[in-house]
Structure formats: C-alpha cells, structure tokens
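Take a look at the structure set out below.
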Amino acid sequence: MVDVTALGARVASSAVAPLVRRLFVRDGPGAALVDRPVRISALVSFRGEKRTVTPEDVDRIARELVRRALAAAGPGEAPVGEGEAEAVKDALARTLSRLGEITVEDYEAVGLGPERFARELRTGVPLAPYGLGEGGLLLYERLLNTASLHILNFLTQRSTYVARQQTVQTRQLARLVQGLDVLLERLPSQSAEDAGFEERYADHIAARHGTLTIYGLDAGTREWPLDTAYLSLEATRPQQAAREGHRDGRHAAVAAEQVLAGRDQVFLRGVAGSGKTTLVQWLAVTAASRVYDHGLTHLIGRVPFVLPMRRIVRPGAELPVPGDFLRAVGCPVAGEQPPGWVERVLRARRGVLLVDGIDEIAGERRAAARRWLRELVRAFPGNLWLVTSRPSAVPEDWLAAEGFGERVLARMSQDGVATFVRRWHRAAGAEAAVGEALLRSVRTTAELTGLATNPLMCGMLCALHRDRRGFLPQDRKSLYEAALTMLLERRDRERELHDPDGLRLPYAVQVQLLQKLAWWLIRNSRLEMDRAEALQLIGGALPALDLGGAGEEDVLRALLLRSGLLREPADGRLDFLHRTFQDYLGARLAVQDLDFGLLIDHAGDDAWEDVILLSVAHARPREAEHMLRQLIREGTPRGTLLAAAGLRYAAEVEPGVRLLVEERLAALVPPSTFELAGDVARRGGDLVLGLLPGPEGLDDLTAAIVVGTAVEVGTEAALHFLTRFRGHPGRDVQVILADSWHRFDRERYAREILAHLPEQWPVQVSTLDDLRSLRALGGWERIVVRGAYRIEDLTTLIVPERLRYLALEAPHPVEGLAWLSAFPALDTLHMAGEADPAAARELPAGTEIAWESDRQPSPAHHRG
C-alpha cells in the first residue's frame, strides 16, 4: 500500500494549477481599492449572476483531483477502494465549495498558509456523513492541503493582489514613519553617556518588572512572564461621572492600559488585589521595551519611573527629588546614572511616572505626598503620571487641583475570570476540565461569585480548588485559613522537603510569629519593616516558644525560606506577599489580644477596613456582636456599612443585633448618590437587594441609582432583581442596564434583560461570544467594539439590517472602510486613530464618522 500522506504530493503542479484556476474569475489590472475588502468568496466563479463554473463543475474538479491522485499511485498501491474514492470526491467537492462562503480576505488567506487555510475551508463541513475510513480521510486531507497550496499560490499571482499589497504596505510604512516621527520628537539629542545608561536602565526595568507573582502555582507562588500573565482589566470613571458618560454609551470604561492615552495625569483607585501594581508593571515594561507595535503611541520614546510609595516614604525622611528616584527604590544601576539625567528626561517631557500605593503610607504623610506630586507636576509639565490607591484612602478629587482625572479599576468581568482561570490551569499543568469545573462553581455559587472579583482572589481559588480536589471554602476567612495551611504546613511536606535546610517551625509557631509581625505593621501604618525591627519582635516572642534555643536570626531565616508569606523585597526590608495576608494575620492577633477598642477607633480609616471585617470573622459570637454594636454607635454611614458587611463575616449573630444593623442599613437604601451606591453594594451584598425599592413610585434618578446598586452587587440574585427594571422608561436606567451585561452571565443577561429593553442602547462587545449572543437576539442597533477585532467576525456575526451605531475602540486592522457597506442601516461610526479623509469617502452616503486619536479626543465629523 502507498503512503497516503505522500500521495497528494505526486500530483504534478501542471495538473492541479489549471483545475484551481477554473474555480476563480479572471481579474483586471489595478489595485482594486474600490472593491475592498477582497474576500475570496467574491473571486470564485461559481457564485453570482454570471457564473463561468457551476457547482457541477466543482464536483468534476474534485473528481479529477481524486482520479489524478489515485493514478499517481503505482500498481497495487491504491489506498482506497472505488466506493470510498467516490466519498472522498464528494467531501472534497463540498469543501471546495466553501470558497464561495468564507469571508476571509485574500491577503489574510495567504498569511494563514496552506494547512491553516485548509482547516478554514473544512470548518462547517461535517465528514461523518461521508463514511470515510482511515485511508479515505488521509487522502481527503492530503488533497485538500495540496489544493489549498495551489489556491494560495494563485491568489498571490493575481495582479490586483500584488498591487493591493503594495498599497497596504505603503500605508503600513506611513504609519511606521509616523511612529518614528513621534519617537524622534521625544528623543532629543543625547550624549553617548545618557543614551548608553538609558538602554541599561530599560533592560533593568524589563528584568525587574517583566514577571508577575501568581499565587498558588506549585503549592505556593511562581513567576509568570508578564506578557503571558497580564490580563486587561477595565478602568471606569467614578460613579457620577460614569453615569453622565453613559449618555452616548461611550467613555464610561476604557481598557486599564489605555488610561494614559486620553490624558497625561490619572489617579486610579482599586481594591486590594485588583491589579493596580500589575498595571504599573505592564506600563513600565511596555514603555521601556523600545518596541512600537503595541499601538500606544503615547508611550513611544518614554522613560518609566516606578515609584512604590511604601518604598520611597521613610519615617522622618523627605520624599525624593528626581535625581534620587532610582536610589530611593533600590535600583541596582542607580549609581551609574549620569548627573542630571532624570531631570533632562523630565524636561524633555519623556517621563512616565508610576506612583503606586498612596494608601500604603501613613495618613499623616499623605498631605506631604500630595504637595510633592503638585511640585513635580508643575516643575516638569508634559510628562505622564499614574497614581494608584485603594478606593477610600483619600477623598474624592484628592488630586483634581493638580490636574489629575480619576478612574476606578473595575472588578473582573465573568470573561476576565474565565480567562484567568484557564491560563492559571495551563500554567499549572492541570487538566482543563478542572478549571471548567471551578468556573461552573463560581458562576452558580453566590459566595464564590463574590470572592472571584480580582486576580489575587482568583489565584487563591484556583490553587485551593485543585489542592482540595474540588472542595472550596465558601467565605473569606475559611479561604485564607485554607491558604495558610497549604503554604505553611503542606507545602514542604507535599514537595517532599522532610528535612529542609535550617530550622523547621511548626505550623502554629509560624502563624503566631507572622501575626505578630503583621499586627505591628498595621498598628504602625506600615507595609514594610526593617530587618532589625523584625528581629526585635521575634526575639521578644522567643521565650514563650519552645524552639530548642534557636535564635531570632534562625527563626527569621526559616520564615523567609519556608512560609511563602514573608518576603525580603530589598536588602534589609521585609513585607508580606500581599496586603491581604497581612490584614488577615493581624486581625487574628487583634482578636487574641482583645484589641476591639483599637479596631473600632480606626473604623474611619480605609486601611483598617479589611482588618476590622476579618476580626469580626475571627471573633467569638459575643465579641462579634459587641463590634457590630460599636460600629452602629459610630452614627456614620461608614460605620453602618461596615456593620452590614460584618454580618456576612460573623458566624453567629443574635437576632436583635442583626435587626439593629438591618434597620440602620435600610436608612441608607436607596443610596442618595451613585458613589454611595457602590459602597452600599460592596459592603451590604445580597442583603441590600431586599431593601431596595421599585420600580414603582421612583423618579428616574432614584431608579437609576437603585439599578446601579444592584449591578454593583453582581450576584444571580441581583440579576433577578434587575429584571423588574427592564421595562422602566428612565433613560439612565435603560443605559445602565444595556452597559452592564459583562457583570453577569452573558447569555442569561442577554436573554433576561437585553431582549426586553424597549430601546437598544449601546452595548460593549469584546469577544465572539458577545457578538453571537447579540445575534441570537435578532441583532443589535448600537454596538461598541472593545479591543482588537477581525473584519470578517463583525460582518459575519452582526446582523446587517439592525446595526445603526458602531464604535471601534481599536485601530481597524485593514485599510479603508468600504467593508462597512455590508451594514446598510449604519448612520453613525466612531473610529480610533487619526482622521483619514480618504477612508471616510468610502463610507456609505449619509454615514457620520468621528475619529479619535490617542491624545485628542475631540472628533472630526464627516458625512459620506
């Protein structure tokens, strides 16, 4: 028998090429720009009114290909019998007829290569009905690959293809020249010393910030390459501004990495573990990469300075001047920098200053930090600034007078959670089915839905789900307790480190020592401590511990080597793996030491919020009830909301105390503002839903705030609550409902909310599943496309007759806009990038277009 995989190669090109050419129409000269995009389906000769080849001809061409292949086999080598050869012919003919159906453009097909293009043709062609055996299937695949090779070769020989590619390459070159112009503008004449140091500094940034620590891999933590691990999140405006931004369905949210594309100075708020520091790393590495194909022209030629506030703010010391930036963060090449280099970079307006963690410094130092920022911004205008903080660490508009616009880092969408979980399991070498089982649990369990809101918590859930073979704790306290057990007790044992180097500390001893360090940091408003301070604290605890005469140095070394929780990020400086673990451990000791008064005294301090809530979780019932009463007696909305959140942490609460908390919470519901709505939802959870009114008897503003509150709760119960408002006539209510579907299960939300809205307001799509969900509703009138997209996906999955408004928030991947003629009802288009009058002229008559560049958001309008 012949080797079937080689059989197709024996069919001479002189025999295949003429057959392939018959499948396509002849083209004329020129670049064919007016007909773009040139889809292969437009080139085949067996579609349209003037056919030169009929479907029967395609059948004969497939038969001829099979015949020639079998003829190429020697005597006795035929791999299939006569009946199966007929089945191969039928399958091949049906597959070749797909040329008239696919929307792939000619240059994209060539870019796929013959094997991937063959797979594209096979899509949608079920082979089961043809009953192919192993030999027949191999012959079919080999002939299809051979035909694909010749089809692509034919496409590259067309005169219009060559001319069009020259045109595309010319425009791509123009964009490259534009990028180089930006680079040259931002790179003034430099001395060899400056240029050489800048290159070494960029290498340091890439090495220092080019990986992420992902919790839970290898029963602990592991570094991931940043370009693999980075997950794009969304940054939204503060609640009130976001509501006003909903008016046109745009600008309410942007990709987090784009926050500096629209303005030079941004103050970004986000909860613990939400990805603020990861975003800082990504911006730093991208700016330092000296690669200019990322589409973020505002980062081209820039020099990043990563300034973690907890590193640069030292007790009794002044905040650093620019020349001391590198030394303040412990940069190893700081001693090599040429005198005045940082100032020269900032005067040339080339800096990207990433100030991370305003909340991580003591409250009394924050005013000084604001003055420091104000002086630097005024002294060196035109640079890019990103300042991050936890949400309530400083008042609203804290940096508004200095020219900073505010954004809030949104919780992970369901799509984001799914992406993270699947990447985590691939990196861990776990079976995909394990990750999918976790996703099902997260989507169907309210407690887990509330936990899986940021990368840190998702990593913990992944690790514990795999470690416990599918069993997951259902609350934060139990989740952290399980994580501690895995890190402190089981990690070494399960890695077979039965006799690790140095001192081995029992689990209970590790916890006791770590919580002493954590509680000291919390009480002193610190996130780092000097090594000497840690040794002093450990030394004071040793007399009460039976460690066989071990010294504090041995104990500290064991904690650093084995716990996985305590780190030494810089020589002589210690901190915890994440602030969340510090808060959990500190809360344990606060309850053990009965420091409830100290906890209540700090109820107004944002940095203590998680410590207080976790203390309620650790406390015995009477202690927890005492804390809840004390929080209510504060008489402030914040105290009431903390008490409401505490109800979900306490294992047991006397009914009278629960009723008191619920009554006080009811006085805050419905919230009076969108900002308060976020706080009420985050702390009250599903409890709030039972207190929310409506929709009857509510004015439009109150109804919108109620809907916004339920959206922020984000659970299945919240989705059920929102169905009551889907017919509400208020404009803001409808716009918020249309814009919130990524906060819930996509298909269910589309079915239960979007399908019932009286008017189709703009909705954001970022995946093919989004487009399919809208198509299942019969189409949608106003669509905002987030991120990269393919033309054929839009033209295939968007119902043409329904689309009236389209916003494309990433540069379009092909030249020209003639492809938009596929949408006859389209009347308004928003495009990313610089205005292109030539492309605008290709739009259907009556279509209004607005272009938005990276730095200039004001649109220029055109009517075709």
Side-chain angles (χ1 to χ4, degrees), residues 213 215 221 269-277 308-310 356-363 388-393 450-451 453-457 459-461 473 475-485 487-488 510-529 534 537 559 563-567 574-593 595-596 598-619 623-624 627 631 638 641-643 645-646 648-650 682-683:
T213 300
Y215 176 88
T221 59
R269 300 178 190 260
V271 299
S274 61
K276 300 185 297 295
T277 300
M309 291 302 290
R310 64 175 174 175
D356 191 26
I358 289 294
D359 60 289
E360 296 182 353
I361 58 175
T388 74
S389 173
R390 282 194 185 188
S392 304
L451 288 173
T453 57
N454 60 61
L456 173 71
M457 299 302 290
M460 289 176 62
L461 288 172
D475 60 81
R476 281 183 69 189
K477 175 181 177 290
S478 301
L479 190 68
Y480 294 147
E481 190 67 47
L484 284 178
T485 302
L487 283 171
L488 301 183
Q510 291 186 69
V511 172
Q512 194 67 19
L513 290 171
L514 289 169
Q515 64 189 26
K516 285 182 181 294
L517 300 178
W519 187 223
W520 185 91
L521 287 169
I522 293 168
R523 287 188 288 108
N524 288 277
S525 300
R526 300 263 295 276
L527 286 173
E528 285 188 341
M529 64 172 53
L537 287 168
L559 289 175
S563 75
L565 285 177
L566 195 66
R567 307 181 307 177
L574 306 178
D575 71 356
F576 280 86
L577 171 66
H578 196 276
R579 172 77 172 269
T580 294
F581 290 109
Q582 176 182 308
D583 291 346
Y584 172 82
L585 288 163
R588 281 180 58 119
L589 190 57
V591 172
Q592 286 181 17
D593 289 351
D595 281 331
F596 301 114
L598 183 60
L599 291 166
I600 300 301
D601 287 345
H602 286 84
D605 189 338
D606 177 73
W608 284 65
E609 179 174 325
D610 281 350
V611 181
I612 292 171
L613 293 176
L614 289 166
S615 295
V616 173
H618 285 296
E623 296 166 341
M627 291 187 67
L631 289 170
R638 181 178 179 85
L641 290 173
L642 275 175
R648 293 184 290 157
Y649 284 76
R682 180 164 62 88
R683 296 186 176 102

Handout entry: side chain to side chain contact (heavy atoms under 4.5 Å, CB included) evaluation trace for R523 with L598
Key = CA-CA 9 Å; R523 287 188 288 108; L598 183 60; 3.8 Å; yes
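- Side chain of R683 to main chain of R638: no donor-acceptor pair is present (N/O by atom type, distance under 3.5 Å, no hydrogens or angles).
- Between D593 atom CG and R588 atom CZ the span is 12.0 Å, to the nearest 0.5 Å.
- Expressed to the nearest 0.5 Å, how far NE2 of H618 lies from CD of Q592 amounts to 9.0 Å.
- Nearest heavy-atom pair across L631 and A603 is CD2-CB, 3.8 Å.
- The two atoms that bring A534 and L574 nearest to each other are CB-CD1, 3.4 Å, heavy atoms only.
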Handout entry: Criterion side chain to side chain contact (heavy atoms under 4.5 Å, CB included) on N524 and M529, from CA distance to verdict
Key = CA-CA 10 Å; N524 288 277; M529 64 172 53; over 6 Å; no
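- Distance alone, capped at 3.5 Å, places no donor-acceptor pair between the S389 side chain and the G357 backbone.
- With hydrogens and angles ignored, the 3.5 Å screen pairs a side-chain donor or acceptor of D605 with a backbone N or O of A607.
- Applying the side-chain contact (heavy atoms from CB on, under 4.5 Å) test to R310 and every residue at least two apart in sequence or in another chain returns E360, L527, E528, R567, D575.
- Across all their heavy atoms, G646 and V616 have their closest contact at O-CG1, 3.6 Å.
- A distance of 5.5 Å separates CG in L484 from CG in L585, rounded to the nearest 0.5 Å.
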Handout entry: salt bridge (charged side-chain N to carboxylate O under 4.0 Å, His left out) assessment of D359 paired with K276
Key = CA-CA 12 Å; D359 60 289; K276 300 185 297 295; 5.5 Å; no
Exercise for the section: Show your reasoning for whether side chain to side chain contact (heavy atoms under 4.5 Å, CB included) applies to I612 and E609. Expected result: CA-CA 5 Å; I612 292 171; E609 179 174 325; 6.0 Å; no
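- When all heavy atoms are compared, the tightest approach of V591 to A619 is CG1-CA, 3.9 Å.
- Summarising the geometry, atom OH belonging to Y584 is positioned 5.5 Å from atom NZ belonging to K477; distances are rounded to the nearest 0.5 Å.
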Handout entry: Q512 and L589: CA distance, side-chain angles, deciding distance, side chain to side chain contact (heavy atoms under 4.5 Å, CB included) verdict
Key = CA-CA 8 Å; Q512 194 67 19; L589 190 57; 4.2 Å; yes
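- Between A645 and L613, the closest heavy-atom pair is CB-CD2, 3.7 Å.
- For F581 and F576, the ring centers sit 6.0 Å or farther from each other.
- The minimum heavy-atom distance linking I600 with M627 is given by the pair CD1-O, 3.9 Å.
- Between W608 and W519, the ring planes are perpendicular. Angles over 60° get that label, and only those under 30° would be called parallel.
- Rounding to the nearest 0.5 angstrom, the gap separating the CG atom in L566 from the CD atom in Q582 is 10.0 Å.
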